Amino acid sequence: MQKSLHISADDCTGCYQCVLACSDAHGHDFNPVKSVIQVFRFEDEGRDVPYTCTQCDEAWCQKSCPTDAISVDANGAKVVSEALCVGCKVCTIACPFGTINYNADSGKVIKCDLCGGDPACVKACPTSAITFVHSDTAQFNKMRDWAGKTDAGSQQST
Amino acid sequence: MAWTGKILRVDLTAGTCTLEPLNMQWAGDYLGQRGLATKYLMSEIDPKVDPLSPDNKMIMATGPLTGTSASTGGRYSVITKGELTGAIACSNSGGFFGNEMKNAGWDMIIFEGKSDKLVYLLIENDQATLMDAAEYKGASCWDTEEGIKSKHGDQFIRVASIGGAGENGVKYACIINDMDRAAGRSGVGTVMGSKNLKAVAIRGTLGVKVKDREKFAVAVAAGKKVLADNPVTGQGLPTYGTQVLMNVINESGALPTRNHKDIQFEDAHDISGEAMHEPRKSDGKPNLVSNAACFACTIACQRVSTIDRTHYTVKDRPEYHKASGGLEYEAAWSLGAACGVNDLDALTFANFLCNEHGIDPITFGATLAAAMELYEMGVINDETTGGVKLTFGSAEALTTLVEQTCKSEGFGVELGLGSKRLCEKYGKPELSMGVKGQEFPAYDGRGIQGIGLAYATSNRGACHLRGYTIASEILGIPVKTDPLETEGKAGLVKAFQDATAAFDSAGICIFSSFAWTLDDVAPQIDAACEGDWSADRLLELGERIWNMERQFNLQAGFTGADDTLPARLLKDAATTGPAKGKVSGLETMLPEYYELRGWSQDGVPTAETLSRFGL
């Protein structure tokens, strides 16, 4: 079954452990700007929100790439081939979400590759704000939360 | 590895920025941050220097674990001779600034001299430039940070700055980074202001390397698990922040109240961590919005709060309706119990202003408490205060005067002196509740005996973060000791002081030590840094640092006679609670402490002790 990253911003404290793990796992040492998952702090609201590639099925990045450098791996991740990428950055313009970016050190683009099916960010997150779940049932827990509220009053009255 | 091996030296007089290699032998003996920067400071300045003269230097320093994934590994410290105290100052801050400095490739930045005009330092990796800061003159820390980010079109620049308070010479000005994280105590921001340095703005994209990636990952994961499994770091601090302590310390009979006249506050609950979770009447929302983390921290104790929009402080000031850094225990105590004020929204407002303008809320609150006592005694009056009724318990006095102090207006100018200078000015030096010119934090040395000794001997003046014996005496970490007992406290204080000096030199947060011992820290440093690092080596290094700081203070003119407490704690017995009838047993504990330290009866390290640490 295909799996997806599931992000629950409510549980994020903004600690950057996911960012550090991502950077390290991809050979960039501990360097937040080289991480393909980022955490954004909205100071005035007291919110921290992790954000990364959602692995679109019909991926703008993949369709826009003139050298076919982006392919789909066994986990459904859109993966950049460093051998084929020429650093033209067209994909970075095409992506509506900003989750594929140019890395000046390598002259190639970088994006989330789901770490080959075992995402480092998930393992590093101390609050389980980032989980790796079956794609088909990714929102079932949210559904369950609302289901629990349905007719709760009448259940209690019996 | 872990160290970048580079120091940036900024000569503000000449306007130059130069690169120097880090002294790696010193790094082996003093690790980083607090220890290593103090070594540099001692070798470069005369400890007798006037803190505000161009001859004083100010060092911003990271530790080897700063910028790595080690939990809490985002810290930096500011080391200088403190203006509030005249002693060695080392103020430690979290947020994201420390990581950015390390990622830009710098272990330390040494500031020397004095600029002839207000400047800020802009660092983009190896490029460092002094920029004109005239447009930020008098600006708050919040406006300065946002202004610099906006001017350079980069929201990811990290900024540490002083507010108008630091420029105007308030004796306990902070350096604020990331809007509400502070290098808070001893007036390090005042020293920064004296150098005409408004801010340091950094963008770093070089990455931080460790010696052995795989070994480091294992050590870090183990450390994170210890923090997660510990009830204090895994549950108490994320849920209530340091404010988990308010009710606990009050029940222990050690919550200094109304300038230490009492040691229990009848309204402690109203200003507690629990109260911050309770829905308020106006909108049904609690004071607390969320908890938040500093860089790499898996504890996440930071409070993010809002003020009730109908509260008198902000009902006509929508700029304070946003969420911002909320009350930590120390500020809730100093702005609250110390002044007898029980209005949570007034405290939160005062705390916002302290962050916005960059003043230390501990010293401010304690100074206001002393002023309230002077007022109630009739030593000062409405004429002195500009008509503000300075009675204990007055939220309006608190919120009016915090603003006046932040903006150096009215009676706030006098409160900006700190309690020692203020009480001396009015002929009542005994009403200043502190040691070596720095005010006590939120624990009373009568109700918790060990912390009284820790205050008296702290190298930066009264401070809980130099030897947090509360962990043992109240929380039972690592073992429970009786807070009312003096026996064994000399050894306890020494053990905490030495270990803390090592933690503070590593780039990690001292709050990790609720769960971690040096046995948890050593494997992380060992995997990250060149050399072999054991817990024993770190403990020895911590003791070396403690003795070095002591030497600084002795050379600055302090003596053993300064290792004391105000008469109120030594002579006036506690009137309520478990410590009823007790005074501080400092005179019993201090000689034993000196002996354990290998110091003379006058508190001077013996030649043998100094030689043992290569000092």
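Reminder, nothing fancy here: chain letters follow the sequence lines and each chain counts from 1. Computed from a predicted model, the values in this text were never measured in an experiment.
- Aromatic ring orientation, B:Tyr240 versus B:His277: perpendicular (interplanar angle above 60°, classes split at 30° and 60°).
- Only the backbone of A:Ala25 comes within contact range of chain B, judged by heavy atoms closer than 4.5 Å.
- Between A:Phe40 and A:Tyr51, the ring center distance fails the sub-6.0 Å criterion.
- Chain A forms the most heavy-atom pairs under 4.5 Å with one residue out of B:Cys297, B:Ala300, B:Ala296, and that residue is B:Ala296.
- When the heavy atoms of residues 206-214 of chain B are compared with those of chain A, the residues falling under 4.5 Å are B:Leu206, B:Gly207, B:Val208, B:Lys209, B:Val210, B:Arg213, listed by number.
- For B:Asn99, the part sitting under 4.5 Å from any heavy atom of chain A is the side chain, from C-beta outward, and nothing else.
- The contact between A:Asp24 and chain B is made by backbone and side chain atoms together, counting heavy-atom distances below 4.5 Å.
- Between A:His28 and A:His26, the ring-plane angle classifies as parallel under the 30° and 60° cut-offs.
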**Test salt bridge (Lys or Arg N to Asp or Glu O under 4.0 Å) applied to A:Asp105 and A:Lys34, step by step** = CA-CA 10 Å; A:Asp105 292 346; A:Lys34 304 297 186 200; 3.3 Å; yes
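- A cation-pi arrangement is present between A:Lys149 and A:Trp146 under the rule of less than 6.0 angstrom and at most 45 degrees off the ring axis.
- Every salt bridge (charged side-chain N to carboxylate O under 4.0 Å, His left out) that A:Lys123 has, sequence neighbours left out, goes to A:Asp118.
- Neither the backbone nor the side chain of A:Ala21 comes within contact range of chain B; no heavy atoms are under 4.5 Å apart.
- Using the six-membered ring where Trp is involved, B:Phe349 and B:Tyr320 have ring planes that are perpendicular, over 60° apart on the 30 and 60° scheme.
- Under the 6.0 Å cut-off for aromatic ring centres, A:Phe30 and B:Phe216 qualify, their centroids lying closer than that.
- Two residues are said to be in side-chain contact when any heavy atoms from C-beta on lie closer than 4.5 Å; A:Glu58 and A:Cys56 fail this criterion.
- When A:Cys125, A:Pro126, A:Cys15 are compared by the number of non-hydrogen pairs under 4.5 Å with chain B, A:Cys15 comes out ahead.
- There is no contact between B:Glu100 and chain A, counting heavy-atom distances below 4.5 Å.
- Heavy atoms closer than 4.5 Å to chain A are found nowhere in B:Arg303, neither backbone nor side chain.
- A donor-acceptor contact closer than 3.5 angstrom links the side chains of A:Gln55 and A:Lys111.
- If you measure heavy-atom distances from A:Glu43 to chain B, the contacts under 4.5 Å come from both the backbone and the side chain.
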